[in-house]
Amino acid sequence: MTVTLPLQKLEEEIIQLISERGKLILENQEEAKLTMDQIEKVNDGPYDTVSIQKLFTQLDERFYSKKDTYLYSRDYQRDDTIIQVKKHWIGQGEPVKIMGPCSVESEEQVRQATADLARRGVKFIRGGAFKPRTSPYDFQGLGIDGLRMLSDAARIHDMAVVSEIMSADQIETALPYIDIIQVGSRNMQNFELLKAVGQVQKPVLLKRGLSSTMKEFKLAAEYILAEGNPNVILCERGIRTYEDATRNTLDISAVPILKQETHLPVIVDITHSTGRKDILVPTAKAALAVGADGIMAEVHPNPSVALSDAKQQMDLSEFHDFMDAIEKFEQHHSL
Ligand code: PEP
Ligand code: MN
């Protein structure tokens with residue numbers, strides 16, 4: 001094609017320049033790209049700087065999808081991600097237990113729970129202070145006061161605190177009291193929240209969405225990783241199916257799939273997946289047997305008066321029986 005008009009000539013030159021730019025990027029020179037500020041300085045209109053930056057990003061997306069190196073993938077990182085939280089480790093080989101009440105309800109409640117959990121070597125205490133409840137009229141959690149109670153109780157026993165936050169604007173006030181930020185099932189695809197927790201320096205426990213596929217789950221984790229937070233823990237917590245014998249259907253195959261396809265630690269929430277106390281021991285064993293890096297379960301000193309999930313929480317004596325069974329299993333398993 002012979003180009004005669006000035007605009008066509010100019011566009012032809014732009015295409016050639018863009019191609020040259022692409023070749024440089026493919027030679028791994030992408031770190032030398034202009035920053036937003038630099039584009040701003042060079043740009044004197046009429047297009048705005050954001051549009052120009054977006055144009056570059058859009059062009060480069062092709063390379064990323066062609067390389068298919070998602071940050072969560074084993075292609076990107078072959079070795080397992082090991083996460084340090086205080087003096088404790090996740091993904092290092094020894095499965096962790098994250099236990100505690102569904103919701104923080106009082107100082108006494110969390111103190112009682114942590115004392116027994118600590119006695120059995122549980123290093124991570126969970127407890128919701130910002131609760132994602134189905135009904136707006138149900139107990140919504142104690143908010144920051146609850147987090148303060150939880151972190152005070154945890155500190156006595158050197159335990160790490162795991163608690164959910166539901167929106168980006170809770171992060172700043174909640175962070176001093178939380179060691180691992182939980183992003184709940186209902187927020188797995190709250191992309192703004194994922195981006196916000198991606199910018200934080202604390203690990204994130206990401207729960208699988210109620211009806212999410214493996215791909216959607218992994219891409220939700222990618223949002224956090226892409227913002228620069230490498231410490232993401234994936235949590236299988238059951239999915240919605242037609243089956244109503246359990247609260248959700250525990251997708252046990254998710255564990256080996258996620259372990260194979262990502263380098264992130266994977267844990268299983270045996271309480272919210274089953275909603276049944278009578279099958280916690282076998283499901284915990286199953287989770288550990290397929291390679292989970294830990295299990296989560298709800299424990300409450302007096303479940304009958306619990307303000308949320310009363311039926312599915314273990315009381316302290318059930319918790320001790322549970323630990324007896326799991327310790328026995330773990331000893332046998334590691335032989
Ligand atoms: C929880 O762990 O407190 C919780 C609400 O679980 P999920 O987000 O998996 O329903
Ligand atoms: Mn619960």
Side-chain angles (χ1 to χ4, degrees), residues 96-105 109-110 113 117 122 124-136 138-143 146-147 149-150 160-167 170 174 178-190 193-194 197 203-212 216-217 220-221 224 232-241 246-252 254-255 258 266-277 280 283-284 287 292 294-315 318-319:
V96 296
K97 280 140 203 115
I98 302 173
M99 293 178 149
C102 180
S103 300
V104 177
E105 295 164 4
Q109 175 228 24
V110 283
L117 294 173
V122 175
F124 299 84
I125 173 97
R126 60 145 289 145
F130 296 100
K131 293 299 297 177
R133 303 307 302 281
T134 302
S135 166
D138 285 341
F139 177 59
Q140 302 286 307
L142 296 180
L147 287 183
M149 291 172 196
L150 193 61
V161 171
V162 182
S163 200
E164 174 162 357
I165 62 139
M166 296 204 295
S167 70
Q170 291 163 351
I178 297 182
D179 300 302
I180 299 180
I181 302 168
Q182 180 168 315
V183 172
S185 253
R186 287 150 195 82
N187 272 322
M188 191 206 81
Q189 284 191 316
N190 180 339
L193 178 61
L194 297 176
V197 297
V204 176
L205 189 153
L206 178 65
K207 298 190 96 176
R208 182 178 180 181
L210 302 176
S211 311
S212 297
E216 289 162 344
F217 193 15
I224 303 170
V232 178
I233 302 148
L234 301 173
C235 178
E236 160 61 33
R237 48 78 71 204
I239 45 172
R240 283 248 164 114
T241 70
T246 48
R247 178 173 172 177
N248 291 288
T249 296
L250 173 58
D251 179 8
I252 202 72
V255 179
L258 293 170
V266 179
I267 68 156
V268 174
D269 179 342
I270 53 172
T271 299
H272 290 94
S273 53
T274 64
R276 287 176 59 148
K277 291 201 281 187
L280 291 180
T283 46
I295 45 181
M296 176 184 274
E298 287 183 339
V299 178
H300 189 294
N302 191 359
S304 61
V305 297
L307 299 175
S308 58
D309 285 350
K311 282 209 187 82
Q312 68 184 23
Q313 307 197 55
M314 287 185 264
D315 66 23
E318 287 163 335
F319 159 70

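Computed over heavy atoms, backbone and side chain alike; hydrogens, waters and symmetry mates excluded. Just follow the structure's listing: the first ligand is 1, and inside any ligand the first atom is 1.
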Of all the non-hydrogen atoms in the protein, which one sits nearest to atom 9 (O) of ligand 1, and at what distance?
Arg237 NE, 2.7 Å

Look at the side chain of Asp269 and the backbone N and O of Ile295, then say whether any donor-acceptor pair between them is shorter than 3.5 Å.
no

Whether Lys131 side chain and Gly143 backbone form a donor-acceptor pair below 3.5 Å
no

Ligand 1 to Arg186, heavy atom cutoff 4.0 Å, flagged ligand atoms 7 (P), 8 (O), 10 (O)

Among protein heavy atoms, which sits nearest to atom 3 (O) of ligand 1, and what does the distance come to when rounded to 0.1 Å?
Arg126 NH2, 2.8 Å

Decide whether an N or O pair under 3.5 Å exists between Lys131 and ligand 1.
yes

Short question: side chain of Arg186, backbone of Gly209 - any donor-acceptor pair under 3.5 Å?
no

May I ask you to decide if Pro101's main-chain N or O and Arg126's side chain share a donor-acceptor pair within less than 3.5 Å?
yes

Where the side chain of Glu105 meets the backbone of Leu307, is there a donor-acceptor pair that is under 3.5 Å apart?
yes

Tell me which protein heavy atom sits closest to atom 8 (O) of ligand 1, plus the residue, atom name and distance to 0.1 Å.
Ser185 N, 2.9 Å

For atom 5 (C) of ligand 1, which of the options Cys102, Pro132, Gly184, Ser103 provides the nearest non-hydrogen atom?
Pro132

Residue pair Ser308 / Ser103, side-chain donor-acceptor N/O under 3.5 Å
yes

Atom 6 (O) of ligand 1: the protein heavy-atom neighbour that sits closest, reported with distance to 0.1 Å
Lys207 NZ, 2.9 Å

Is Gln182 close enough to touch ligand 1? Criterion: a residue heavy atom under 4.0 Å from a ligand atom.
yes

Any chance the side chains of Ser185 and Arg237 put a donor and an acceptor closer than 3.5 Å?
yes

Could you verify whether a donor N or O on one side chain and an acceptor N or O on the other, from Asn302 and Ser304, lie under 3.5 Å apart?
yes

Residues Asp251 and Arg208 bridged, charged N to O under 4.0 Å
yes

The residue among Gln109, Glu318, Gln312, Gln313 that forms side-chain hydrogen bond (donor to acceptor under 3.5 Å, both in side chains) with His300 is Gln109

Which protein N, O or S atoms lie under 2.8 Å from the Mn ion (ligand 2), given by chain and residue number?
Cys102 SG, His272 NE2, Glu298 OE2, Asp309 OD2

